[in-house]
Amino acid sequence: MTSFKKTALSIALFIGLNSQTALAQAISKTEKQQVIDKVSELMSEYYVYPEVATKTNEKLKLAFKQGEFMAHTDSEEFAKALSIWLKETAEDRHLRVRANPVNQEVKGAESRLRDSLLNPPRFGSQNKGVVAAKVLENNIGYMDLRGFYRLIESQPYIDSAMKLLANTDAIIIDLRKNGGGSPRTVQYLCSYFFDKKLLLNSLYYREDNETIDYYVLDEVAGEKLPDVPLYVLTSNRTASAAEEFSYNMQTRKRATLVGETTRGAANPGGMFTINDNFRMFVATGAAINPITKTNWETVGVVPHVATKKDQALDKAIELASIEVEKKLANTQS
């Protein structure tokens, strides 16, 4: 065995033995109080809705005083319980607290190896989310998209998929395993299906009191398909940016959504450090749809055709086939 392999194996074994210890690290009442205080501070300073932050912080202080979270004696359990409490109280599915599994201060090759082992690439990451693109029976196009990666990375893959589907008579976009990503990429893919410059969505950010508008782009790298029948598959795992795509298409009456109600995570934000052992995702912005003037936070996006996620593709193929046959009948009459 080479020296590098031995080193890598040693580090991997070290992680395997020690990450469990780190995840199960005991936490004292004093440490919990420190985390609660910092969570309140981050909410007050950064959360998109200041009034919600104030009310949530007041309830959190009272809940902790009354013994909430006392039953959770290790860091990971405490983080999970606190995350659930925050999501339910603030009615925000993006809010969460995480226990750091390893020392984030480790530098160099060992740190990179730890990161790769602890955070393996998501399925579809090599193709930047585009897991499959193919033409089904009845000339129905199908794309399985499992993430809206940064546009600079994902655009070539999206363009290739859309080129393959350009001559189909209906298109199905599968977002059942899509947890979200970049709003710019959502904007880009949406733009394939509109030929008018419509406002798709806006994101308001508390910092600088800034609103960013996302319009249909005038150009994409492939052929625009504003008239092709479009079906979007959803599940309870469809979240964030994937929900935005679904909501944009639904509110603009551009697609038929098939599947389950989505997760309900609309508010963008970022990770903030609580201390050496904990981090927190804080929603610093909010999505604003130009049609409904609101978003899908907590309630999710409700599909036009409700069905179990495992049956959604078959149902969409059935609906698309009917549409294709109608089109064929009209051209022959």
Side-chain angles (χ1 to χ4, degrees), residues 42-43 46-56 83-84 86-96 145 147-149 151 173 175-191 193-194 197-217 230 232-271 280-306:
L42 292 172
M43 288 286 287
Y46 298 107
Y47 191 68
V48 58
Y49 302 121
E51 65 281 5
V52 174
T54 298
K55 292 179 180 178
T56 301
S83 295
I84 292 171
L86 287 168
K87 289 177 182 180
E88 292 178 350
T89 304
E91 297 185 345
D92 189 320
R93 298 288 174 85
H94 268 125
L95 281 175
R96 62 185 179 272
L145 186 62
F148 284 92
Y149 286 72
L151 186 57
I173 296 182
L175 302 181
R176 289 176 294 175
K177 296 181 180 180
N178 192 315
S182 167
R184 292 293 179 192
T185 308
V186 172
Q187 176 191 34
Y188 186 76
L189 183 56
C190 283
S191 296
F193 301 103
F194 296 94
K197 196 175 182 65
L198 303 171
L199 178 60
L200 296 166
N201 187 47
S202 298
L203 291 178
Y204 166 77
Y205 290 94
R206 175 181 170 182
E207 185 178 13
D208 299 327
N209 194 31
E210 178 185 26
T211 299
I212 302 174
D213 294 327
Y214 294 86
Y215 284 88
V216 170
L217 300 172
L230 181 63
V232 179
L233 307 187
T234 61
S235 77
N236 58 3
R237 291 179 59 185
T238 305
S240 197
E243 292 179 281
E244 187 208 323
F245 181 89
S246 305
Y247 200 63
N248 291 349
M249 292 301 175
Q250 184 181 67
T251 56
R252 285 294 179 182
K253 300 181 180 180
R254 180 60 189 86
T256 299
L257 274 54
V258 182
E260 300 173 339
T261 299
T262 62
R263 185 180 299 175
N267 297 334
M271 295 298 295
M280 179 186 185
F281 187 97
V282 179
T284 58
I288 305 170
N289 181 272
I291 306 299
T292 64
K293 307 302 180 184
T294 183
N295 59 46
W296 56 95
E297 183 63 54
T298 305
V299 297
V301 183
V302 181
H304 299 96
V305 181

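Quick caveat, the model's predicted, so the values are computed rather than measured.
Side-chain contact between Pro268 and Thr284: absent, with no pair of heavy atoms (C-beta onward) separated by less than 4.5 Å. Side-chain contact check for Thr292 versus Tyr247: some heavy-atom pair is nearer than 4.5 Å. At least one side-chain heavy atom of Met280 sits less than 4.5 Å from a side-chain heavy atom of Leu95. Taking 4.5 Å as the limit, some side-chain heavy atom of Leu200 sits within range of a side-chain heavy atom of Phe194. Taking the side chain as every heavy atom from C-beta outward, Val232 and Val258 never approach each other to under 4.5 Å. Considering only heavy atoms from C-beta on, Leu86 stays 4.5 Å or farther from Arg96 through its side chain. Using a 4.5 Å heavy-atom threshold, the side chains of Thr54 and Val52 count as separate. Counting heavy atoms from C-beta on, the side chains of Leu189 and Phe245 come closer than 4.5 Å.
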**Request:** For side chain to side chain contact (heavy atoms under 4.5 Å, CB included), just list the numbers for Leu175 and Leu145, CA-CA rounded to whole Å, side-chain angles, deciding distance to a tenth of an Å, and then say yes or no.
**Result:** CA-CA 6 Å; Leu175 302 181; Leu145 186 62; 4.0 Å; yes

**Request:** List the steps and the verdict of side chain to side chain contact (heavy atoms under 4.5 Å, CB included) for Leu198 and Tyr215.
**Result:** CA-CA 6 Å; Leu198 303 171; Tyr215 284 88; 6.0 Å; no

**Audit row: Val305, Leu257, side chain to side chain contact (heavy atoms under 4.5 Å, CB included) steps and yes/no** = CA-CA 6 Å; Val305 181; Leu257 274 54; over 6 Å; no

**Request:** Kindly determine whether Asn201 and Leu203 satisfy side chain to side chain contact (heavy atoms under 4.5 Å, CB included), including the steps that lead there.
**Result:** CA-CA 7 Å; Asn201 187 47; Leu203 291 178; 3.9 Å; yes

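There is no side-chain donor-acceptor pair under 3.5 Å between Thr211 and Tyr205. Side chains of Glu260 and Thr234: a donor-acceptor N/O pair is absent below 3.5 angstrom, by distance only. Remark: the Asn248 side chain and the Tyr214 side chain contain no N/O donor-acceptor pair separated by less than 3.5 Å. Asp92 and Tyr47 share a side-chain donor-acceptor pair at under 3.5 Å.
Looking only at distances, no side-chain donor or acceptor of Asn295 sits under 3.5 Å from a matching main-chain atom of Ile288. Under the 3.5 Å distance criterion, the side-chain polar atoms of Ser246 are matched with a main-chain donor or acceptor of Ala242. Arg252 contributes no side-chain N or O that, together with a main-chain N or O of Gln250, makes up a donor-acceptor pair within less than 3.5 Å. Between the side chain of Glu243 and the main chain of Ala265, a donor-acceptor pair closer than 3.5 Å is present. Ser202 places no side-chain N or O within 3.5 Å of a backbone atom of Asp213 that could act as its donor or acceptor partner.
For Lys253, the NZ atom counts as loosely surrounded, since its 6.0 Å shell holds 12 or fewer non-hydrogen atoms of other residues, nucleotides or ligands. Within a 6.0 Å sphere centred on CD of Glu51, heavy atoms belonging to other residues, nucleotides or ligands number more than 12.
Atom OG1 of residue Thr262 and atom CZ of residue Arg93 lie 9.0 Å apart, to the nearest 0.5 angstrom. For the atom pair CG (Leu217) and NZ (Lys197), the distance works out to 7.0 Å, reported to the nearest 0.5 Å. Atom NE2 of His94 and atom OG1 of Thr298 lie 11.0 Å apart (nearest 0.5 Å). For the atom pair CG of Leu230 and OG1 of Thr256, the computed distance is 8.0 Å after rounding to the nearest 0.5 Å. Ile173 contributes atom CD1, which lies 9.5 Å from atom CG of Leu233 (distance to the nearest 0.5 angstrom). We find the OG-CD distance between Ser182 and Glu244 to be 9.5 Å, quoted to the nearest 0.5 Å.
The shortest non-hydrogen separation linking Ala287 to Ala266 is CB-O, 3.9 Å. Pro303 approaches Gly259 most closely through the heavy-atom pair CG-O, 3.3 Å. Ser191 and Gln187 make their closest contact through OG-O, 2.7 Å (heavy atoms, listed as atom of the first residue, atom of the second, distance).
For Thr238, there are no side-chain hydrogen bond (donor to acceptor under 3.5 Å, both in side chains) partners at least two apart in sequence or on another chain.
Under a cutoff of 6.0 Å and an axis angle of 45°, Arg254 and Phe193 do not form a cation-pi pair.
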